[in-house]
Amino acid sequence: MPAPQKPERRVITHGAPMLPDPIRLATLMQEAIAVSWFSNGGQLHQRLERALGDMAGDGALALVSSGTMALMLALRLGDLPEGSEVITSPLSFAATVQAIAWCGFRPVFADVEPATLTLCPRAVEAAITPRTAAILPVHFLGVPCDVAGLADVARRHGLWLAYDAAHAFGVTLGNQPIAAFGDASAFSLHATKVLHTGEGGFVATGGDKVLAKLRRLKNFGLEGGRMTGLGINGKLSEAQAAMGLALLPDLPAEIAARHALRTRYDAALAGLPGIRPGPGRKGASPALTTYALRMAPGLRARLHLALAEERVLARDHFPLLCGSGSPWADVPIVTADGAPIAPRVGPEVLCLPFHGRVADEDADRICMIIRRVAYEEGQA
Ligand SMILES: *Cc1c(COP(=O)(O)O)cnc(C)c1O
C-alpha cells in the first residue's frame with residue numbers, strides 16, 4: 001500500500017493582485033463599448049482620475065500608462081537640460097534608474113539613512129555637481145523620505161524634486177497625503193501594487209498649470225491639435241480605467257485587511273531574538289504595499305528556506321540598483337562621510353506575504369515558522 005500522502009499546503013504568495021468583480025468589470029467595459037471610445041481620456045478615465053484625485057488631496061493628478069512612464073513624465077516636467085545628472089537611491093526597483101536613463105539623464109546614487117532606508121539629504125548634497133538638475137528620492141517600502149531635508153537641499157541648489165512614490169500609495173505623513181511633497185510624485189497602478197489597472201500609473205503634482213503641461217507631455221506634446229514641444233504616448237486606456245474603477249469599491253476592505261495583517265504580524269513577531277521591525281518614520285502612516293523585517297543576512301537566508309519549505313514565499317528587497325551585474329555596477333554610492341551603508345542594510349530586509357488574501361491562520365502559521373527559526377538561531 002502506498003504511504004498516505006501528506007496533504008499539500010496552499011502556497012502563500014508574497015503578493016496577490018486585487019481581483020475585480022467580473023460583472024462589475026464587464027458592465028464598465030460595456031459603457032466604453034456603448035460610446036465606442038477606448039482611450040484619449042474617455043469617461044472611465046475621467047472617473048478614475050477624479051476618484052484618485054480625491055485621495056491624493058489637491059486633485060492635481062494625471063493617469064498614465066505605467067509607473068515607469070509616471071517617473072519619466074515626473075522628470076520631464078522639470079525641463080532638465082539633456083544629459084543632466086539625477087540623484088537617486090540605490091535601494092529601489094529597476095524602474096527608478098531605468099526611467100532616469102531612458103530620459104537621457106545620468107543616474108547618480110547617494111546613500112540612504114539607516115533607520116528609514118531612504119535617501120539621506122546630506123549624502124544628496126555631497127553628490128551635487130554643476131550638472132545635477134534633479135533629485136528622484138524613493139519612498140522605499142512605503143516609508144516616507146526626509147521630505148523637509150530633501151526640499152531644503154533642492155531649494156538651496158535650485159534642483160527639481162520628483163518622488164518615486166510607487167511603494168507609498170495611500171501613505172500619509174503628518175496627516176498630509178504623500179503626494180503633497182516635492183514638485184511631482186510618480187505612482188504605479190501595476191498589478192503588484194495596492195490598487196491596480198493591470199498596467200498603469202499616475203503623476204501627482206501641484207497646481208493646474210503643471211497639470212496642463214503634464215497632459216501635453218503624455219499626449220505627444222499636443223495642445224489643441226498642434227505640437228507644442230516634446231511629448232510621448234503615455235496614456236492610460238479605457239480598459240485599464242475600467243479595471244481600476246471595478247476595484248475601487250473593494251479598496252477600503254483591502255486596505256483594512258492589510259492594516260489588520262500588519263497588526264497581527266507586529267504582535268506575534270515583536271521582540272524575537274535577532275529580528276528587528278522594518279524601516280519606518282515617525283508621523284507616517286504604515287505602508288500598504290509591504291511588510292518588512294530586518295535581520296542579519298544569515299538569519300534572513302535561513303528564514304527564507306524555512307518559509308519556502310512550508311510553501312510560504314517571502315521576498316528580499318530588490319538588489320542594489322548599482323550592484324554587480326547591473327548596467328550601473330560601476331557607479332559609486334556617494335556618502336556624506338565614510339563607506340556607504342546601502343549595500344549593507346539592503347540585505348537585511350525580508351518582506352513577508354502582505355495582501356488581503358492572507359488569512360489569519362496563514363499569518364499565524366508564518367509567524368510560528370519565524371518564531372521557531374529565530375529561537376533556534378538564538379540558542380545556537
Ligand atoms: C512598481 C514600481 C515602479 C513602477 O513600475 P511599473 O511596473 O512601471 O508600474 C517604480 N518604482 C518602484 C519603486 C516600484 O516598485
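Count residues from 1 along the sequence. Every heavy atom of this structure was used, including side-chain atoms; hydrogens, water molecules and symmetry mates were not. The structure presented is a predicted model; accordingly, all values stated were derived computationally and were not measured. Atoms within a ligand are numbered from 1 in the order they appear, just like the ligands themselves.
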Please give the N or O to N or O pairs under 3.5 Å between ligand 1 and the protein, distances rounded to 0.1 Å.
unit_1: ligand 1; atom_1: 8 (O); unit_2: G67; atom_2: N; d: 3.3
unit_1: ligand 1; atom_1: 8 (O); unit_2: T68; atom_2: N; d: 2.8
unit_1: ligand 1; atom_1: 8 (O); unit_2: T68; atom_2: OG1; d: 2.6
unit_1: ligand 1; atom_1: 9 (O); unit_2: G67; atom_2: N; d: 2.8
unit_1: ligand 1; atom_1: 9 (O); unit_2: S188; atom_2: OG; d: 2.6
unit_1: ligand 1; atom_1: 11 (N); unit_2: D164; atom_2: OD1; d: 3.3
unit_1: ligand 1; atom_1: 11 (N); unit_2: D164; atom_2: OD2; d: 2.8
unit_1: ligand 1; atom_1: 15 (O); unit_2: H167; atom_2: NE2; d: 2.8
unit_1: ligand 1; atom_1: 15 (O); unit_2: K193; atom_2: NZ; d: 3.3

### Task
Using a strict 4.0 Å threshold on nitrogen-to-oxygen distance, state whether R215 and E49 make a salt bridge.
yes

### Task
Could you tell me whether R76 and E82 have a side-chain N and a carboxylate O separated by less than 4.0 Å?
yes

### Task
Answer with yes or no after comparing the ring centroid distance for H14 and F354 against a 6.0 Å cut-off, counting only values under it.
no

#### Entry: Salt bridge R122-D337, side-chain N to carboxylate O under 4.0 Å
yes

### Query
T13 versus H355: any side-chain heavy-atom pair under 4.5 Å?
yes

### Gap between atom CG of D111 and atom SG of C120 - 0.5 Å precision
7.0 Å

